[in-house]
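As the structure is a prediction and not an experimental result, all values here were calculated from the model. A, B, ... follow the sequence lines: proteins, then strands. Residue 1 opens every chain.
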There are 2 protein chains.
Amino acid sequence: MIKTYTIKEVAEKFDLSVSQIRFYDKKGLLPFVSKNDSGYRIFSEADLQLIHTIVCLKNTNMSIKDIKQYIDYVMEGPDTIELRKKLLNKHRRAVIQQQKLLAENLKEIDFKLDRYNSSNAYDIIREQFAYLMNEKHVNSN
Amino acid sequence: MIKTYTIKEVAEKFDLSVSQIRFYDKKGLLPFVSKNDSGYRIFSEADLQLIHTIVCLKNTNMSIKDIKQYIDYVMEGPDTIELRKKLLNKHRRAVIQQQKLLAENLKEIDFKLDRYNSSNAYDIIREQFAYLMNEKHVNSN
DNA sequence: ATAAACGCTAAACCATGGTTTAGGGCAAGA
DNA sequence: TCTTGCCCTAAACCATGGTTTAGCGTTTAT
């Protein structure tokens, strides 16, 4: 007998909430999931692989709409390989952009932290504070 | 005379929309911005520096609520340095977590792309597709 | 055989981070 | 001076990605 999983088991496996999975299903992300006679969702191993992919795309901030597009391609079978490649390559570039943005801005946060950690932090900050307040005064004239 | 900026100029400088800036102001992120006699916002150079910080925190996905907390500390003056450090350090760790998540999942996307790009991609995908569809059939018995 | 745990849908509700619209005042150039 | 462009607020509206609730059926362990 082939091992199957309940919605709760899948939720735990992927650290999703049960309602999140139902939400994704409603949005058309899980057209491959079958149901038993009582209407309960039954997840196969092959389903888990696809859900893994969905989670991967979600973790890299792909929108549900775009994930649905990808899944729709998968459901159409192997003739959509080129379309899937195009979609994933586009997403790949978007992820690299996100990484770049995070890295650049993290550098600035580290820079700020360094200043806060410096021995004369208090003096620097006090002066900046004065500068900020001082201009207010000038401007209101 | 000290150079000042209009809301539109600031929007362009930081690639924000004018309504976004007004929205941030309404949320309490810009308590330092003064207004002229006509009620127009006037941005000083010192203001721009703080807005730069806000954008930096926003770019690393800090919530508006937390950005407001940081700005509130700034407005209280240099006595809040320790609190600011604590907040920024916590955020720093969150950013590093984001980076880790992105990197891990990008690796998987690249792995999928490699498969799609392999010479026998069509066969692999056709087999996976059959596997997915086949289990459906088994399960529905 | 029954209680507790689990599953289902549909619909309402929510938080976040905005945009849009309406209605009106101010500024700058022709 | 007057038109065009810019600024303002308040309030409505929106998209996204969910969670919660109500009402009801199923499964499982005791």
Rounded distance (Å) that lies between atom [atom2] of [N] and atom [atom1] of [X]:
X        : N       : atom1 : atom2 : answer
Glu12(B) : dC6(D)  : CD    : C1'   : 12 Å
Leu30(B) : dT9(D)  : CG    : C1'   : 16 Å
Ile21(A) : dG7(C)  : CD1   : C1'   : 13 Å
Lys8(B)  : dA28(C) : NZ    : C1'   : 13 Å

#### Entry: Cationic tip of Lys107(A) above Phe111(A) ring, under 6.0 Å, 45° of axis
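Pair Lys107(A)/Phe111(A) does not count as cation-pi.
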### Task
Please name the pair of heavy atoms, one in Ser17(B) and one in Ala11(B), separated by the smallest distance, quoted to 0.1 Å.
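In this case the closest contact between Ser17(B) and Ala11(B) is C-CB, 4.1 Å.
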### Message
Does Glu9(B), at its CD atom, have more than 12 non-hydrogen atoms belonging to other residues, nucleotides or ligands within less than 6.0 Å?
### Response
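Count over threshold, so yes.
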Could you pull out every donor-acceptor pair under 3.5 Å between side chains of residues 23-31 of chain B and any protein atom, sequence neighbours left out?
residue, atom, partner, partner atom, Å
Tyr24(B), OH, Gln20(B), NE2, 3.1
Asp25(B), OD2, Arg41(B), NE, 2.7
Asp25(B), OD2, Arg41(B), NH2, 3.4

## Note on the structure
Counting primed atoms, P, OP1 and OP2 as sugar-phosphate and everything else as base, the B/S/- map of nucleotides 8-18 of chain C against protein heavy atoms under 4.0 Å is BB-------BB
### Query
Taking the side chain from Asn36(B) and the backbone from Gly39(B), do they hold a donor-acceptor pair closer than 3.5 Å?
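Yes: the side chain of Asn36(B) pairs with the backbone of Gly39(B).
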### Query
Do Arg84(A) and Tyr70(A) have side-chain N/O donor and acceptor atoms under 3.5 Å apart?
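No.
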